[in-house]
Structure formats: structure tokens, C-alpha cells
Visitor: 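Encoded as C-alpha cells, here's the structure I'll be asking about.
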Amino acid sequence: MSKAKEIRQQFRLLMNGVTAQSLREKGMDYHLNWGASLGHLRELADEYGKDYDTATELWNDDVRESKIMATLLMPHDMLTRDMAMQWIGQTKTQEIAEVASMNLYQHLPYAAELAMNLTADGDAMTQLHGYCIVARLLTKGWQFSDTELQALAVRVEAVVNDADAPLYLRHAANNTLMKMEK
């Protein structure tokens, strides 16, 4: 049995029907959603360790827990820029964007460059990834250049002041602004 299949079977044991229903009511539309907590998924990921093949197989499932597990299992040094952009383009929910940025994208060797490119994109979900990565890098003490900070400030201000921008994006941009001001 493959690791991915074993992991999928473990999701049933982590099932939380109340959480799954709450996520569905909040618009998180997955083919399957077990409602497993992030803590339980992290513990499960620790049991299996980093594994490129398993991560890529799980990412292809339209299952909340599989997507999260993929971000936990993917070795940071093996996710190419093209693959990162593919995963970002396939992300449909705020939760997965935030979790993937926390678990994976902030740790990539090209995270700062990726984040700058993402914040300049026209797609709200793509921008969300960028702002999440920037905020995490700033929290870790990453030093963006003055030119990058000026570009970010302009982008953040535009999003925060755009009443038509999705609330999740405005919140992420504002969070980034607060991290920039520290």
C-alpha cells in the first residue's frame, strides 16, 4: 500500500463532523472534507516525514486534508518555482492559501522573490499567497530591500483601500502592513 493511501485511510480516524459541517457552511467546497484539525494533521505528517512523491500525489486530491498534508510533507528544497506556481494556481480557498504559505512557501529558498511576484498579480487568491508569505518572512526577520518595501507599500495601500477587494485579501494586506511597520 502506498504512503498516500495509508494517509488517506488515517483521515477517517481524524474525522470531526462538526468541523467539516462548519467548513462547508463557510463555503469551503471540497470533494471531501473530513474536518481534521491542523494539529492532528501535523502529528500525522511527523509520522511519515518529508516525501516528495507522497506530497505530489496527495496534492492532486480535491480533499482538504490531502492538500494540507501535501504542504506538510513536501520537502522545501524540492518544490520548483513552476510547481509552486501550479499549486498556487490550483488553490481555491483562503484556508489552503494560508496553510500552504505557513507550512511550505515561506520556507522555499526563493520565498521572497515568489512573494513579491505574487503580490503584483491581478488574481486575489494569488495575491493572498503573496501577502501571507511576506507577513511570515517579516515575522522571521527577513530584510526586504527599500525598493521592495516601497513596492509592497503601494500594493498594500491599493488593496486595503479597494472596497471591492475580497475581505480576506484586504485582511492579509493589512496584516502585511502591520508587519512592515514593526
Visitor: Under 4.5 Å between any side-chain heavy atoms of Met83 and Tyr52, yes or no?
Guide: yes
Visitor: Between Val134 and Lys179, is there a side-chain heavy-atom distance shorter than 4.5 Å?
Guide: no
Visitor: Return yes if a side-chain donor-acceptor contact under 3.5 Å exists between Gln10 and Glu6, otherwise no.
Guide: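 No donor-acceptor contact under 3.5 Å links the two side chains.
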Visitor: Is any side-chain heavy atom of Ser101 closer than 4.5 Å to a side-chain heavy atom of Tyr131?
Guide: no
Visitor: If you compare all heavy atoms of Ala173 against all heavy atoms of Val159, which two are closest, and at what distance to 0.1 Å?
Guide: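 That would be CB-CG1, 3.7 Å.
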Visitor: Is there a continuous path of hydrophobic side-chain contacts, each under 4.5 Å between heavy atoms, that joins Leu58 to Met78?
Guide: yes
Visitor: Walk me through whether Arg81 and Leu114 qualify under side chain to side chain contact (heavy atoms under 4.5 Å, CB included).
Guide: CA-CA 8 Å; Arg81 292 169 196 260; Leu114 177 66; over 6 Å; no
Visitor: Flag the pair Asp62 and Lys67 as a salt bridge only when some basic side-chain nitrogen lies within less than 4.0 angstrom of an acidic carboxylate oxygen.
Guide: no
Visitor: Rounded to the nearest 0.5 Å, how far apart are NE2 of His107 and OG1 of Thr71?
Guide: 9.5 Å
Visitor: Measuring from Leu118:CG to Glu113:CD, what's the distance to the nearest 0.5 Å?
Guide: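 Nearest 0.5 Å value for the CG-CD distance: 10.0 Å.
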Visitor: Report the C-alpha separation of Lys50 and Met74 in whole Å, then their side-chain angles, then the decisive distance to 0.1 Å, and conclude whether the side chain to side chain contact (heavy atoms under 4.5 Å, CB included) test is met.
Guide: CA-CA 6 Å; Lys50 300 288 185 186; Met74 177 58 76; over 6 Å; no
Visitor: Could you tell me whether the side chain of Gln127 and the main chain of Asp121 form a donor-acceptor pair under 3.5 Å?
Guide: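 The answer is yes, because a donor-acceptor pair under 3.5 Å joins these two groups.
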Visitor: Following the transitive rule for hydrophobic clusters with a side-chain heavy-atom cut-off under 4.5 Å over Ile, Leu, Val, Met, Phe, Trp and Tyr, establish whether Leu177 and Tyr168 coincide in one cluster.
Guide: yes
Visitor: For the pair Arg170 and Asp162, find out whether any cationic side-chain nitrogen is under 4.0 Å from an anionic carboxylate oxygen.
Guide: no
Visitor: If you measure from SG on Cys132 to OH on Tyr105, what distance do you get to the nearest 0.5 Å?
Guide: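 So the SG of Cys132 and the OH of Tyr105 are separated by 11.0 Å.
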Visitor: Is there a continuous path of hydrophobic side-chain contacts, each under 4.5 Å between heavy atoms, that joins Leu128 to Val160?
Guide: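 Yes, Leu128 connects to Val160 through the hydrophobic network.
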Visitor: Please report the closest heavy-atom contact between Leu73 and Gly49, naming both atoms and the distance.
Guide: CD2-O, 3.1 Å
Visitor: Give, for atom CD1 of Ile88 and atom CG of Asn117, the distance between the pair rounded to the nearest 0.5 Å.
Guide: 10.0 Å
Visitor: Treating Ile, Leu, Val, Met, Phe, Trp and Tyr as nodes and any side-chain heavy-atom pair under 4.5 angstrom as an edge, say whether Met69 and Met102 lie in one connected cluster.
Guide: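 Not linked; separate clusters.
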Visitor: Atom CD1 of Ile133 and atom CE of Met116: how far apart are they, to the nearest 0.5 Å?
Guide: 12.0 Å
Visitor: For the pair Asn161 (side chain) and Glu157 (backbone), establish whether a donor and an acceptor sit closer than 3.5 Å, ignoring hydrogens and angles.
Guide: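 Yes, the answer is positive, given that a donor and an acceptor are paired below the 3.5 Å cut-off.
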Visitor: Any chance the side chains of Trp142 and Gln106 put a donor and an acceptor closer than 3.5 Å?
Guide: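 No donor-acceptor contact under 3.5 Å links the two side chains.
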Visitor: Are Glu57 and Lys3 within salt-bridge range, i.e. N to O under 4.0 Å?
Guide: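 Judged by the 4.0 Å cut-off on N to carboxylate O distance, Glu57 and Lys3 do not form a salt bridge.
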Visitor: With heavy-atom distances below 4.5 Å as the criterion, would you say the side chains of Arg42 and Asn103 are in contact?
Guide: yes
Visitor: Heavy atoms only: give me the nearest Thr119-Gly130 pair and the separation to one decimal.
Guide: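 The answer is CG2-C, 3.6 Å.
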Visitor: Could you report the tightest heavy-atom contact between Ser66 and Asp61, atom names first, then the distance?
Guide: OG-OD2, 3.0 Å
Visitor: Report the C-alpha separation of Leu104 and Val99 in whole Å, then their side-chain angles, then the decisive distance to 0.1 Å, and conclude whether the side chain to side chain contact (heavy atoms under 4.5 Å, CB included) test is met.
Guide: CA-CA 8 Å; Leu104 181 58; Val99 168; over 6 Å; no
Visitor: Do Ser37 and His40 have a side chain donor and acceptor closer than 3.5 Å?
Guide: yes
Visitor: Kindly give the heavy-atom pair with the smallest separation between Met125 and His129, and that separation in Å.
Guide: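 In terms of heavy atoms, the two residues are closest at O-ND1, 2.8 Å.
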Visitor: Using 0.5 Å steps for rounding, measure from the CG atom of Leu79 to the CE atom of Met85.
Guide: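 Going from the CG atom of Leu79 to the CE atom of Met85 covers 11.0 Å.
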Visitor: Treating Thr56 as the side-chain partner and Asp53 as the backbone partner, does any N or O pair qualify as donor plus acceptor under 3.5 Å?
Guide: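 It does hold such a pair.
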Visitor: Is the backbone of Trp87 close enough, under 3.5 Å, to the side chain of Thr91 for a donor and an acceptor to pair up by distance?
Guide: yes
